[in-house]
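Here's the structure, in structure tokens; my notes come after.
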There are 2 protein chains.
Amino acid sequence: MFDEYDKSYPIELVADFLGVNSRTLYYYERFSLVCPIRRGRKRYYSKVDIRWLEYVRELMYDQGMNLRSIIILIRRRDNIILEKCPEDVVDCFKNYLMQINKQEE
Amino acid sequence: MFDEYDKSYPIELVADFLGVNSRTLYYYERFSLVCPIRRGRKRYYSKVDIRWLEYVRELMYDQGMNLRSIIILIRRRDNIILEKCPEDVVDCFKNYLMQINKQEE
DNA sequence: ATTATTTTTCTTTTAAAGTGAAAAAATTAT
DNA sequence: ATAATTTTTTCACTTTAAAAGAAAAATAAT
């Protein structure tokens, strides 16, 4: 039982693979753009997470979108975005939006 | 015969109304984000243009989207964007995209 | 011809995205 | 237990798109 959704890749490996700084991944996490699992304090990412992050990089670098727009499209349940977006990122976003809404009340 | 689509508002008036610099409207034009008519050299905008630009401002300022993302959504014929988007902007984009495609060949 | 207006070009400002450096916290090794 | 290593976090700096300022070029008006 070791599938696409298993969170087993540490942050440095993922950052190297994507060609970004690990700080960038911490940064994305603040926007719930990816949700690694924590064992102790360490973060672990799945293959699905990695493919999603690759897609986000493509949207940002090749296409020129910004973070905020990607977030808006997730919120809007945009088909093209969500098709590439792992379940747990959407779940993360539900929590994130709930918290935002609570703060606003 | 003086309707919503009549292009009769000069750039300074539109800029003042939107609370932006007229340079910003020239800038948007380079991306075919709005297509004023030219009488002589002067540009004239319609009420529909103005409402569209108001919406673009809202997406950018209140929501934090960037120009590139709005352009991508127009290309994708995104429902929520296009619902607010005047016909001639979409037409402009068709031309713009045709030109881009020609250049790439 | 001179004045005023609009467009265009060049330059600067501002803010988000990303990264470097290093402190803080935690884990591992000795 | 303490030293060494690793991971996280914070602070500050860099880079780039978006926007605006200044002024030159082009056009229209008097």
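Just so we're on the same page: letters track the sequence lines, and every chain starts at 1.
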Inset, instruction - Would you tell me if any nitrogen or oxygen in the side chain of A:Tyr26 comes within less than 4.0 Å of OP1 or OP2 on D:dT8? - result: yes

Legend entry - A:Arg43 vs D:dT7: side-chain N/O to OP1/OP2 distance below 4.0 Å: no

Can you check the [X] [atom1] to [N] [atom2] distance for me, whole Å?
X       : N      : atom1 : atom2 : result
B:Leu18 : D:dA18 : CG    : P     : 17 Å
A:Arg38 : D:dT6  : CZ    : P     : 19 Å
A:Arg39 : D:dT7  : CZ    : P     : 13 Å
B:Glu12 : D:dA28 : CD    : C1'   : 16 Å
A:Tyr27 : D:dA12 : OH    : C1'   : 14 Å

Inset, instruction - Could you tell me whether B:Asp88 and B:Lys94 have a side-chain N and a carboxylate O separated by less than 4.0 Å? - result: no

Legend entry - A:Lys84 and A:Asp78 ion-paired at < 4.0 Å: no

Side-chain touch [X]/[Y], heavy atoms, less than 4.5 angstrom:
X       : Y       : answer
A:Pro36 : A:Tyr44 : no
A:Tyr55 : A:Ile81 : yes
B:Leu25 : B:Arg43 : no

Inset, instruction - Identify the 5'-most and 3'-most nucleotides of DNA chain C with at least one atom closer than 4.0 Å to a non-hydrogen atom of chain B. - result: C:dT6 to C:dC10

Inset, instruction - Assess whether one donor atom and one acceptor atom, taken from the side chain of A:Arg23 and the base of D:dT8, lie less than 3.5 Å apart. - result: no

Inset, instruction - Starting from the 5' end of DNA chain D, give me the residue, B:Gly40 or B:Gly19, whose nearest nucleotide shows up first. - result: B:Gly19

Legend entry - Residue closer to the 5' end of DNA chain D, B:Leu67 versus B:Asn21 (nearest nucleotide): B:Leu67

Heavy-atom closest pair, residues [X] and [Y]:
X       : Y       : result
B:Glu29 : B:Val34 : CG-O, 3.6 Å
B:Ile71 : B:Leu33 : CG1-CD1, 3.8 Å
B:Tyr28 : B:Val56 : CE1-CG1, 4.3 Å

Inset, instruction - Could you check which residues of residues 52-66 of chain B get a heavy atom under 4.0 Å from DNA chain D? Sort them by number, please. - result: B:Arg57, B:Met60, B:Tyr61, B:Asn66

Legend entry - 5' precedence on DNA chain C between A:Tyr28 and A:Lys42 (nearest-nucleotide basis): A:Tyr28

Legend entry - A:Asn21 and A:Thr24: side chain donor to acceptor below 3.5 Å: no

